[in-house]
Student: 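Handing you this structure, nothing more for now.
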Amino acid sequence: MRIRSPFFALALTLLVGGRALAQDMKPITGQAVLDAISAAQGKVVVIDFFASWCKPCLMEIPEFIEARRSFAEDKVVFIGISLDTDQGQYLRFVKQTPFNFPVHLADPDVMTTFGVKMIPKTLVYDRTGQQSLDHAGYMPGEMLRQVIETLLKDGGS
């Protein structure tokens, strides 16, 4: 069965806590990502914008995979969004990388919706859905863990 709605697919992935089946998904739109942030109210949300050809992204992804392991899925949601323009390259990369969070290919409107001008880019939203961090460039995993821990301790603000 093919899932037709990117938001439905993202919501389903968030609910089951599993890895996204990239092959079954259309590119995710900016609105669908905004909807997923809203749906995750009560949780910290980390969005990682990357591409398979981006060297700093390739350094950062294993650290984000490790950071994902540090937090319960009912407290923190991670979403990866690839800005690859070659769908085949994207699919190969997702299959060979041991992501432990959902990863989606971006619809062209995602860059505008989230003001992505360079990658990697990390956005972090607190438990009320307010953006707490907009970080352009490589972000060490320890820095990300500290941001998340602060938001979890502060009650989300």
Student: Measure across I81 and A106 and return the closest heavy-atom pair with its distance rounded to 0.1 Å.
Tutor: CG2-CB, 3.5 Å

Student: Taking the side chain as every heavy atom from C-beta outward, state whether W53 and D86 have any atom pair closer than 4.5 Å.
Tutor: no

Student: Kindly give the heavy-atom pair with the smallest separation between K121 and G115, and that separation in Å.
Tutor: NZ-O, 3.1 Å

Student: Between T128 and Q41, what is the shortest heavy-atom contact and its length?
Tutor: O-NE2, 2.5 Å

Student: Side-chain contact, heavy-atom cut-off 4.5 Å: F78 with D48?
Tutor: no

Student: Verify the cluster assignment for Y138 and F93: are they in a single hydrophobic cluster under the rule of side-chain heavy atoms below 4.5 Å apart?
Tutor: no

Student: Closest approach of G30 and D109, non-hydrogen atoms and distance?
Tutor: N-OD1, 3.0 Å

Student: Using ring centroids (six-membered ring only for Trp), state whether F50 and F101 fall under 6.0 Å.
Tutor: no

Student: Counting C-beta onward and ignoring hydrogens, is there a side-chain heavy-atom pair between V76 and L152 closer than 4.5 Å?
Tutor: yes

Student: D134 versus F114: any side-chain heavy-atom pair under 4.5 Å?
Tutor: no

Student: Hey, quick one: are M59 and V103 part of the same hydrophobic cluster, counting side-chain heavy atoms closer than 4.5 Å, chains of contacts allowed?
Tutor: no

Student: Can you pull the disulfide bond (SG atoms under 2.5 Å apart) pairs that have at least one residue in residues 48-99, sequence neighbours excluded?
Tutor: C54-C57

Student: Within the 4.5 Å heavy-atom criterion, are T122 and E60 side-chain neighbours or not?
Tutor: yes

Student: Taking Y90 for the side chain and L105 for the main chain, is one N or O donor matched with an acceptor at less than 3.5 Å?
Tutor: yes

Student: Rounded to the nearest 0.5 Å, what's the gap from NZ on K43 to CD1 on I148? Could you check?
Tutor: 13.5 Å

Student: Can you tell me how far apart CD1 (I61) and OG (S52) are? Round to the nearest 0.5 Å.
Tutor: 8.5 Å

Student: Does the side chain of Y125 come within less than 4.5 Å of L151's, by heavy atoms?
Tutor: no

Student: Specify the closest pair of heavy atoms between E63 and R145, including all atoms of both residues, with the distance to one decimal.
Tutor: O-NH1, 4.2 Å

Student: Specify the closest pair of heavy atoms between A36 and I79, including all atoms of both residues, with the distance to one decimal.
Tutor: CB-CD1, 4.3 Å

Student: From S70 OG over to E142 CD, what is the distance, rounded to the nearest 0.5 angstrom?
Tutor: 8.5 Å

Student: How long is the gap from CG on D107 to CG on L83, to the nearest 0.5 Å?
Tutor: 11.0 Å

Student: To the closest 0.5 Å, what do you measure between CG (N100) and CD1 (I65)?
Tutor: 6.0 Å

Student: Between E73 and R68, is any pair of side-chain heavy atoms under 4.5 Å apart?
Tutor: yes

Student: When you compare the side chain of V147 with that of V44, does any pair of heavy atoms fall below 4.5 Å?
Tutor: no

Student: To the nearest 0.5 Å, what is the distance between NE2 on H104 and OG1 on T29?
Tutor: 11.0 Å

